[in-house]
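Some notes on the structure that comes next.
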Number of protein chains: 2
Amino acid sequence: MKLTTKGRYAVTAMLDLALHGESGPVSLAEISVRQEISLSYLEQLFSKLRRNGLVISTRGPGGGYSVARELHQVAVSEIICAVNESVDATQCGGKENCHSHGRCLTHDLWEGLSAQIEEFLSSVSLQDMIDRQRVQNASLRQDKVMVQRPYA
Amino acid sequence: MKLTTKGRYAVTAMLDLALHGESGPVSLAEISVRQEISLSYLEQLFSKLRRNGLVISTRGPGGGYSVARELHQVAVSEIICAVNESVDATQCGGKENCHSHGRCLTHDLWEGLSAQIEEFLSSVSLQDMIDRQRVQNASLRQDKVMVQRPYA
DNA sequence: CACATAACCCAGCAATTTAGTCAAGTATTA
DNA sequence: TAATACTTGACTAAATTGCTGGGTTATGTG
């Protein structure tokens, strides 16, 4: 479980998709403008998101991406893991790399903590994040201030 | 809050220090051998850990590093933040970079989640990790989940 | 059909981070 | 004084990040 800016970009883009995808597919160009992420980087991210079954693509005019499942069935951890996809193997994969006892011990300690974090992120869905935001900010202005950004 | 291998190295080293530091300072050379981390990389990490007040250095023969506080007063989040020390400011620091509304919205959503993770890691101390390991080694299946589910 | 739209794919590139080596210090203790 | 051990800095190879720019395919619409 790695938590870097790459994962944040992916979650941000998925949230944008969730918030604007009610009336059909959303093009990456739109997300690029709104979230200020380069189009090509979005293409890389969504290529992985699509291969991991998190989004569905629609080609041609009026096409774009849609969230593949219902929002409460998409966990944040899935999004982050999808774009990282290093699978890590965490060096000592429990096999022969554990030479000293101390190595195994602290390794297990970290693995336990890492599992906790992943479990936490598995319990948070896109819908959760949106709902929580709605509760916090009761009065949101949804006016679209479509400012032209450099990625247009 | 960034969660990478660098932070894992730091936490691993601090755990090694906690487990072997009862009888005085522990040299980086020892940790290097036990945890299979290069000595120079440990030096970089501990330089930051020391500057952030997490460890105390003892020079001269028989010297090394000691954990600066009691183990239950050292949070995992502090260790990770100490070696990252980018402070990030997350681009749009709530000031003038937030041009469009969509950017602010999803940004806040991510910030909220990030705060949750940091809050969780702040609640876990070195002592907690060691205690938890002892409980698990007593062949007790983890029935109690440490993670609080804020969205549930 | 022609065309615009948008997903898809790929090669490469600058900047940053990671993890490490090497060398030259400085403080402390035996 | 000599040995130990931390401290500091310069430097580097590898990987990752985020982006530019070129194409190709599929698919709606005039």
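Here is how names work: the chains are called A, B, and so on, in the same order as the sequence lines, proteins then strands, and each is numbered from 1.
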Distance, rounded to the nearest Å, where [X] contributes [atom1] and [N] contributes [atom2]:
X       : N      : atom1 : atom2 : result
A/Ile31 : D/dG18 : CD1   : C1'   : 17 Å
A/Tyr41 : D/dG21 : OH    : P     : 18 Å
A/Arg8  : D/dT17 : CZ    : C1'   : 12 Å
B/Lys48 : D/dC6  : NZ    : P     : 19 Å
B/Leu3  : C/dT18 : CG    : P     : 12 Å
B/Leu42 : C/dG20 : CG    : P     : 9 Å
A/Leu45 : D/dG18 : CG    : P     : 8 Å
A/Asn84 : D/dA15 : CG    : C1'   : 14 Å

A/Leu42/A/Tyr65 under side chain to side chain contact (heavy atoms under 4.5 Å, CB included): CA gap, chis, key distance, verdict: CA-CA 11 Å; A/Leu42 281 175; A/Tyr65 286 94; over 6 Å; no
Donor-acceptor contact present, side-chain B/Asn84 to main-chain B/Lys2, <3.5 Å: yes
Minimum side-chain heavy-atom gap [X]-[Y] below 4.5 Å:
X        : Y       : answer
B/Leu109 : A/Val11 : no
A/Phe120 : A/Val76 : no
B/Arg34  : B/Val26 : yes

Listed pairs under 3.5 Å, donor-acceptor, residues 48-61 of chain A side chains, sequence neighbours left out:
| from | atom 1 | to | atom 2 | distance (Å) |
| --- | --- | --- | --- | --- |
| A/Lys48 | NZ | A/Val83 | O | 3.4 |
| A/Arg51 | NH1 | A/Ser47 | OG | 3.0 |
| A/Arg51 | NH2 | A/Ser47 | OG | 3.0 |

Summary of protein contacts for nucleotides 3-15 of chain C, nucleotide by nucleotide, where a base hit scores B, a sugar-phosphate-only hit scores S (4.0 Å, heavy atoms): -BBSBBB------
Side-chain N,O (A/Thr5) to OP1/OP2 (D/dG18) below 4.0 Å: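 Looking at the OP1 and OP2 atoms of D/dG18, one of them is under 4.0 Å from a side-chain N or O of A/Thr5.
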